[in-house]
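The structure appears right after this line, and notes come after that.
Order of the sequence lines sets the chain letters (A, B, ...), proteins ahead of strands, with each chain counted from 1. These values consider heavy atoms only, across backbone and side chains, with no hydrogens, waters or symmetry-generated copies.
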Number of protein chains: 2
Amino acid sequence: MLTIGQLSRRTGVKVPTIRWYEQAGLIDEPGRTEGNQRRYGNADLERLAFIRHARDLGLGVEAIRELIELGAHPERPCADADHIARTHLKNVRERIARLRKLEKELARIAACHGETIGECHVLSALADHDQCTSEH
Amino acid sequence: MLTIGQLSRRTGVKVPTIRWYEQAGLIDEPGRTEGNQRRYGNADLERLAFIRHARDLGLGVEAIRELIELGAHPERPCADADHIARTHLKNVRERIARLRKLEKELARIAACHGETIGECHVLSALADHDQCTSEH
DNA sequence: TCTTGAAGCTCTAGTCGCTAGAGGAATTAG
DNA sequence: CTAATTCCTCTAGCGACTAGAGCTTCAAGA
């Protein structure tokens, strides 16, 4: 049996975050001691490691909730879980594409040759979208 | 003189967001009609366009506040504004690097060949960090 | 001049995924 | 038995808006 602090250390999820996951319904309410403290078992450890990993991969809480729900029904088609992962992959790729454009624009902007703000290229570039080389 | 709705249409910033910017101190409190409605001038239009553009480029409100503050003091060294832009560029590059790793990992995970959840690769990959090919 | 409907106003609360702090109770090592 | 540490609940805050309730003002047409 693990205390919440031990669970925290083993999974790398902070204590208040574990309690937050509980109240968000991502992990089951654990048993308690006589003194009302939470005690966790191995199933909780695994569940939390799963959540942690999925969060690290950038999945939202809602997506994780669905995956947990799916995991509880092994007879459902695999395509459902696959779909969630793929949707997320698509999101990530879109975010990368957007950030690449920003990177270009910023790299162009962040190279001022003036001396004082009055002649600063950065501010005028930010003021005037027309100076941009692509849409964003 | 523009109403808040006209200003919104011209800049692409939603009406409640304009009001929020005002209360966050990013734009000055505009004049009002007798009936207490906001009326904006060209300076407001330009300021808002500046904010919109900087937000589109992903700059945070705090950074924008600093840039506005800088813009009000044309004698200050240009390096200050340049620094803000460069710092942000660094952030963007780090985010891109992180997302690239996620993309790889997700692409590997999101390719299940099972039929039902029971044999689904996606869920087990998410449960087990050791299956990952790199840190994240 | 009157009416109508769009657009304006303020205020509060909600979003997401936590994080921080207050104030107190339980546990554990020495 | 004491002292240090960990635990408990509860509330509030972050960033950058967004949504809604309930009301007032404005502008155009009849």
Report all side-chain donor-acceptor pairs from residues 9-18 of chain A shorter than 3.5 Å, counting only partners two or more places apart or in another chain.
unit_1: A:Thr11; atom_1: OG1; unit_2: A:Leu7; atom_2: O; d: 2.8
unit_1: A:Thr11; atom_1: OG1; unit_2: A:Val13; atom_2: N; d: 3.3

Subject >> Contact pattern, 5' to 3', of nucleotides 4-24 of chain C - B, S or - by protein heavy atom under 4.0 Å >> reply: ----SSB------BBS-----
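- Whole-Å rounding puts the B:Ile18 CD1 to D:dT18 P distance at 11 Å.
- We find that B:Arg98 and B:Glu94 are not joined by a salt bridge, their nearest charged nitrogen and carboxylate oxygen being 4.0 Å or further apart.
- Atom CZ of A:Arg95 is separated from atom CZ of B:Arg95 by 8.5 Å, given to the nearest 0.5 angstrom.
- Looking at A:Glu69 and A:Arg65, no side-chain N of the basic residue comes within less than 4.0 Å of a carboxylate O on the acidic one, giving no salt bridge.
- To the nearest angstrom, C1' of D:dG15 lies 16 Å from CD1 of B:Ile51.
- Salt-bridge formation is not detected for the pair A:Arg100/A:Glu103: no Lys NZ or Arg NE/NH1/NH2 atom is positioned less than 4.0 Å from an Asp or Glu carboxylate oxygen.
- Put simply, CD on A:Glu34 is 16 Å from C1' on D:dC8, counting in whole angstrom units.
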